[in-house]
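Right, one structure below, let's go through it.
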2 protein chains.
Amino acid sequence: MPKNIYFCYMYSFTEENYLKAIYKLQEQSDLAINTNAIAAAIQTKAASVTDMVKKLSEKKLLNYEKYKGVELTHLGKKVAIDTVRKHRLWETFLHNKLNFAWDEVHDIAEQLEHIQSQELIDKLDEFLGFPSHDPHGDPIPGRNGVIQQNNFILLSELEIGESGIISGVVNHSALFLQHLEKNELVLGKKLLVQEISAFDQLVKVQIDDKKQQQLSSEVVRNILVKKLS
Amino acid sequence: MPKNIYFCYMYSFTEENYLKAIYKLQEQSDLAINTNAIAAAIQTKAASVTDMVKKLSEKKLLNYEKYKGVELTHLGKKVAIDTVRKHRLWETFLHNKLNFAWDEVHDIAEQLEHIQSQELIDKLDEFLGFPSHDPHGDPIPGRNGVIQQNNFILLSELEIGESGIISGVVNHSALFLQHLEKNELVLGKKLLVQEISAFDQLVKVQIDDKKQQQLSSEVVRNILVKKLS
DNA sequence: AAATATTTTTAGACTTGCCTAAAAATATAT
DNA sequence: ATATATTTTTAGGCAAGTCTAAAAATATTT
Ligand SMILES: [Mn+2]
Ligand SMILES: [Mn+2]
Ligand SMILES: [Mn+2]
Ligand SMILES: [Mn+2]
């Protein structure tokens, strides 16, 4: 353990990453989270996961039963959500203040999210004007750990004639984000669905009441919109 | 080693701290740096230092001869200065943008300085307006590693009738910084030396052409000023 | 120059976190 | 119900970084 006298011990870089990964898996699936899924999520081996969940279990961050998978405790969930909060605040800082593109912020935020200082996060939050969403449209949990759930739907769910405001993405890969940026499909744009091809499912949309564009089904299934009226 | 796929490997948290500490010792003393001094500086044991300098030596970051102390190589010095640059930029950010007091920024910057992203530092620098000095008056090294040396002198070196602008501190402890802040002795204030007591060396100064104050010799020996004409 | 004191290095061990290979448990197919 | 496949855990080990205690080298006294 690299000694770090500069802040009172909270949770290590690695512990926070495990908790965050387990939290995200738990959000998606409801079932108990199994070893292999965790290993895949943080790109490590199942054996390493077993080692680590034993330790996290001893620290009361999750409940673990051999061969039965894990489940975060209340405490573990709190730490995970706090890590997500820090991640998304830093992404917002990088995008809004330092002018990083939305596909560039994630990797740097993966590092910044582990800086230990409650006061830093509070002041950053204030500096950013208490943002509710990060550059990808994901909600930023509050200090209290409450996540304001948004009622966005997939662009693919809109019918012809309906419209919505781009409010988030499902796929967070840099490749997809760059593609969207290149096509002016960024947060806040208004999309009106004009046609859905019966043959190849291409969706023709009008952007901000101006130019029209064809979107692949791969694209429309990965854009979240706030449906208008 | 916590695996970190998110940035190409540069130098670890610990390596950067060793290099920075050795660099600062080298600045102060000229002689080769001995094991005990390093141990004291980073608050570890001499045995740990010996282990580490062997490794840093293998990585060509410093020259090490048993029982003779160490000396940074050109590369090691570059890494050290870059770490100082990051530290001071982050301190400036914390103070100027997040409104941390000047005695609160150091500990958090000790963490932030190890974030690995050249682009982040460049953009932060730009966001801050390419500051030349940190909140304590210490010069911020440039991208190229050049440190603009300033010609500040100790307040204790001013004669009666001379004046100067507070431009830095020697002692960086939170206690001292808080003391200065409480007495309005912050960067930018103009001080005119009016009297130096022959008995107890107390120095009477006038602050910004207004109120007068007595300063202990401990205080005047730890304030750096830019002498006025 | 010899004796003593100090500094530095070695030796051996610990923790965190990771790995591979093999064993054990669980799940699936016949 | 058995056999096979998959998942999970154990066993043993490695690297970074730390520690204490003892040995070796250097510095200081006498
Ligand atoms: Mn992200
Ligand atoms: Mn995000
Ligand atoms: Mn500092
Ligand atoms: Mn400083």
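On a predicted model such as this, the values are computed, not experimentally measured, just so you know. The chains referred to below are lettered A, B, ... by the order of the sequence lines, with proteins before strands, and numbering in each begins at 1.
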* Asked: OP1, OP2 of C:dG17 versus side-chain N and O of A:Ser12: anything below 4.0 Å?
  -> yes

* Whole-Å gap separating P (C:dC18) and CE (A:Met52) -> 6 Å

* Mind telling me whether B:Phe176 and B:His179 have parallel, tilted or perpendicular rings, with 30° and 60° as the class edges? => parallel

* To do: Considering just the side-chain nitrogens and oxygens of A:Thr44, establish if one lies under 4.0 Å of OP1 or OP2 belonging to C:dG17.
  => no

* Asked: Checking side-chain contact (heavy atoms from CB on, under 4.5 Å) against B:Leu158, which of B:Ile196, B:Val203, B:Ile153 comes through?
  -> B:Ile153

* Value in whole Å for how far the P atom of D:dG17 lies from CD1 of B:Ile38 -> 15 Å

* In whole angstroms, how far is the C1' atom of D:dT18 from the CD atom of B:Glu15? -> 15 Å

* Within this structure, what is the CG-to-P distance between A:Asn17 and C:dT16, rounded to whole angstrom? -> 17 Å

* Could you tell me the separation between the NE2 atom of A:His114 and the P atom of C:dT16, rounded to a whole number of Å? => 18 Å

* Asked: According to the interplanar angle, ranging from 0 to 90°, do the rings of A:Phe93 and B:Phe127 count as parallel (below 30°), tilted (30 to 60°) or perpendicular (above 60°)?
  -> perpendicular

* Asked: Got B:Asn36 and B:Val49 here, is their nearest side-chain heavy-atom distance under 4.5 Å?
  -> no

* Asked: Quick one: salt bridge (Lys or Arg N to Asp or Glu O under 4.0 Å) pairs with a partner in residues 141-157 of chain A, sequence neighbours left out?
  -> A:Asp122-A:Arg143

* To do: Give the B/S/- string for nucleotides 8-14 of chain C, one per nucleotide from 5' to 3', where a protein heavy atom under 4.0 Å of the base yields B, of only the sugar-phosphate yields S, and otherwise -.
  => BBB----

* Does a side-chain N or O from B:Lys45 land closer than 4.0 Å to OP1 or OP2 of D:dT18, or not? -> no

* To do: Kindly state whether the ring of B:His172 and the ring of B:His136 have centres lying under 6.0 angstrom apart.
  => yes

* Rounded to the Å, how far apart are A:Leu31 CG and C:dA27 P? -> 13 Å

* Between C:dC19, C:dG17, D:dC19, which nucleotide has the shortest distance from any of its atoms to the side chain of A:Ser48? -> C:dC19

* Asked: A:Ile42 CD1 to C:dG17 C1': how many Å, rounded?
  -> 11 Å

* Scan side-chain atoms only and decide if A:Asn17 and A:His114 contain a donor-acceptor pair under the 3.5 Å cut-off. => yes

